[in-house]
Amino acid sequence: MHRMLTKYPIWGGLLLLALFILPLLLSPYGLSLLTQVLIFGLFAMSLDLLMGYTGLVSFNHATYFGVGAYTVAILAGLGLNNFWLSLVLGISIPVLLALLLGLLVLRSSGPYFLMITLAFGQMIFALAWRWRTITGGDDGLAGIPRPDLGLPMSMWKAQNFYYLVLVFFAFACLILWKFIHSRLGKAIVGVRESETRMQALGHNTWGLKYLSYIVAGGFAGLAGVFYVYFNGFISPQELNWTMSGQVILMVIIGGAGTLFGPVVGAGMIIILQNLISSHTERWPISMGIIFILCVMYLRDGVVGSALKLRKKGRGNL
Amino acid sequence: MELSEIVIQTLNGISYGLLLFLLAAGLSLIFGLMGIINLAHGSYYTLGAYVGLVIIQMTGNFFVGLMGAAVVLALLGIVMERFFFRKLYKRELDQVLLTFGFAYLFMDINKWIWGGVPRSLPKPTFLEGSISILGEAFPIYRFGIIVIGLGIAVLLWLFLEKTRTGVIIRAGVDDKEMVSGLGINIKLYFSGIFALGAFLAAIGGVIGGPIIGAYPGLDFEILVLALAVVVVGGLGTLKGAFWGSLLIGFAETFGKAIFPDFAMFTIYVTMALILIFKPSGLLGKEES
């Protein structure tokens, strides 16, 4: 186990190197896909912190993603295009929301937790739908410009924007990795395994879950910030349960509790979505079927299964 | 608010609440017996409304549509339990995720077949028109909903209290292992409870159809209301579902009358208050 843990970052490093070189080889379409994979990979990693490591399956993770995105879009509508301001607010407003909602949803556990996360997620969705003056209602907000960092390179150029996303993606990976393997992170995994045991050991389990919930919300917000810069447009659909479902599927298909697995999951879903959408309008049906099949037959996910196989192989030696 | 308006809104609240009860009862019983929250329950409701509409258009009879939709959805419930949920026996979280996948599937199938335009179901002719209450018009159809809703609540109560099957279901809610230990094939009852839940949801979809209609997005709108009911009332008991439904029905209708633009917030405020003061719901079993 220990050897696997220390080797894992090496693979991560190789992957990052590949992500650095790939844009030089890809077509504009491929680069656009890869940018989306990074953004959704970040989003999925933040959910994995909750689903895989804390054992909290949250059905409204799109709320934090969407609120981060709306924050940037609303600032842009006010003529405030400073990247750093948008970034800071795009993370801190979802964090504030997580601070508040976390107090409510974490009062409950198990089935109540999932019902309440879903219900409050749909509340924020309905709010975005109705509050036209701020959110543009179902028309959404359009024309969000790419960020201006004050550097001599334009973020309208796809490659430059990709590298900007990659830098933040790599930082997020590092921070999440460190967090999960810190003493706090290990305590959080302990809560997943047995909350009562961790309580008996003197841990404040509620506080640990709350912390994890807030960190996950912040990183989802960060993903939302880059999503809206990439897309130039945001609508209430990005806050809807369908978006939360999509990111849950990314975590499942990649493997919950593997951190980088969900990035692979995001890649698979984004590529499948583009392939299928170019042939038929019925992507949601396809996604529903993939969802059902994954839950039934691929519950450990692609990366999770691979890690299990390796572990098994070692055990036989 | 004037007295006449209070009376009208109270009646609206009761009829809306009883409509929600049809959903919440199934949701709560499925949870009680199987330990899963069925996130496709709003999809049963919506699908029921569409199927009911098709049958009413074919036969011209509202009640044939009502029973037809209920039977079709009950069969769907059995198929889902038998071929999907049973394969994930005792993996409750995975089963919930499965219901989420099905919700996705049904959402798009509905859109595919019936498009994005809102549909409305016709009322049975003898329930058309309205009567005057304290000088205000009140649609007779809403009385129809109250009568059907109360009738089903009573039947359901009699079924659970007075029949052998009902006793086994209640025992299963309390202690599944013990029921299995008595030599009862509890898995058979899982299919049954799924069928019953889908049956009731479809009835809700059809009788709610003339008022609410059927449109894309209805599935989760109504699901969230049903979830609010079981959060407020407590999971696993019929009593909780009943009183929770009435409370949420009132919160919704009075909320709409008082703050027309942000009606749904009265529901969330109700939910938040319950969560703060009684996290397992008003009549729910304490979480162990």
Side-chain angles (χ1 to χ4, degrees), chain A residues 51 55-57 59-60 100-101 103-127 129-132 138 236-237 240-242 244-246 248-249 251-252 256 280-297 299, chain B residues 27 31 35-37 39-40 42 80 83-85 87-88 91-109 111-112 217 219-221 223-228 230-231 234-236 261-265 267-268 271-272 274-281 284 287-288:
Chain A
M51 257 179 90
L56 293 171
V57 182
F59 280 83
N60 75 324
L100 200 74
L101 272 187
L103 286 177
L104 275 178
V105 300
L106 289 171
R107 286 187 63 79
S108 53
S109 56
Y112 283 90
F113 177 79
L114 74 90
M115 289 195 292
I116 289 154
T117 54
L118 185 64
F120 280 100
Q122 293 310 103
M123 176 183 84
I124 308 278
F125 165 70
L127 184 67
W129 194 268
R130 303 264 172 95
W131 205 1
R132 291 199 77 89
D138 53 344
Q237 281 312 318
N240 204 356
W241 67 272
T242 45
S244 297
Q246 191 156 325
I248 288 175
L249 177 58
V251 173
I252 294 174
T280 158
E281 278 177 38
R282 301 267 76 92
W283 160 245
I285 286 187
S286 324
M287 211 195 99
I289 294 169
I290 297 168
F291 204 124
I292 291 165
L293 291 177
C294 280
V295 172
M296 293 187 71
Y297 302 110
R299 189 56 184 88
Chain B
L27 202 61
F31 175 80
I36 64 176
I37 303 291
L39 298 176
M80 276 172 65
F83 295 103
F84 294 92
F85 293 90
K87 298 221 162 99
L88 300 179
R91 287 162 56 189
E92 282 89 359
L93 178 62
D94 292 347
Q95 288 179 324
V96 174
L97 290 169
L98 201 58
T99 66
F100 209 50
F102 273 106
Y104 242 102
L105 195 61
F106 292 142
M107 170 193 74
D108 208 32
I109 289 175
K111 215 171 172 183
W112 194 6
D219 44 3
F220 268 65
E221 254 173 60
L223 173 71
V224 164
L225 289 172
L227 293 181
V230 291
V231 167
L235 274 167
D261 284 337
F262 295 98
M264 72 237 175
F265 290 102
I267 289 167
Y268 289 101
M271 244 170 86
I274 297 281
L275 277 174
I276 291 165
F277 296 108
K278 197 138 187 324
S280 58
E287 280 179 70
S288 49

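Small disclaimer: the values here were computed from a predicted structure and weren't measured. So that the names make sense, note that chain A is the first sequence line, chain B the second, and so on, each numbered from 1.
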Does any backbone or side-chain atom of [X] lie under 4.5 Å from a heavy atom of chain B? Answer side chain, backbone, both or neither.
X	value
Arg282(A)	both
Ile252(A)	side chain
Met287(A)	side chain
Leu127(A)	both
Ile248(A)	side chain

- Could you tell me which of Leu114(A), Leu104(A), Leu103(A), Thr242(A) has the largest number of non-hydrogen atom pairs under 4.5 Å with chain B?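 The residue among Leu114(A), Leu104(A), Leu103(A), Thr242(A) with the greatest pair count is Thr242(A).
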
- Query: Highest number of heavy-atom pairs under 4.5 Å with chain B: which of Leu293(A), Val57(A), Ile290(A), Ile116(A)?
  - Reply: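 The answer is Ile116(A).
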
Side chains of [X] and [Y]: closer than 4.5 Å at any heavy-atom pair?
X	Y	result
Leu227(B)	Gln122(A)	no
Leu97(B)	Arg299(A)	yes
Leu105(B)	Phe291(A)	no
Leu249(A)	Phe100(B)	no

- Taking the inter-plane angle between the rings of Tyr268(B) and Phe120(A) on a 0 to 90° scale, is it parallel (under 30°), tilted (30 to 60°) or perpendicular (over 60°)?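 Plane angle between 30° and 60°, so tilted.
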
- Query: Stepwise, does the ring-ring contact (aromatic ring centres under 6.0 Å, His included) test hold for Tyr104(B) with Trp241(A)?
  - Reply: CA-CA 10 Å; Tyr104(B) 242 102; Trp241(A) 67 272; 5.2 Å; yes

- Message: So which atom in Val230(B) and which in Tyr112(A) form the shortest heavy-atom distance, rounded to 0.1 Å?
- Response: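 Scanning both residues completely, I find the closest heavy atoms to be O-CE2, 4.3 Å.
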
Report which part of [X] has an atom under 4.5 Å of a heavy atom belonging to chain A: side chain, backbone, both, or neither.
X	result
Ala228(B)	neither
Ile109(B)	both
Phe106(B)	neither
Leu223(B)	side chain
Leu39(B)	side chain

- Message: Working note: Val96(B) + Phe59(A), criterion side chain to side chain contact (heavy atoms under 4.5 Å, CB included); need CA distance, chi angles, decisive distance, verdict.
- Response: CA-CA 11 Å; Val96(B) 174; Phe59(A) 280 83; 4.0 Å; yes

- Query: Atom CZ of Phe84(B) and atom CD1 of Ile292(A): how far apart are they, to the nearest 0.5 Å?
  - Reply: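 Going from the CZ atom of Phe84(B) to the CD1 atom of Ile292(A) covers 6.0 Å.
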
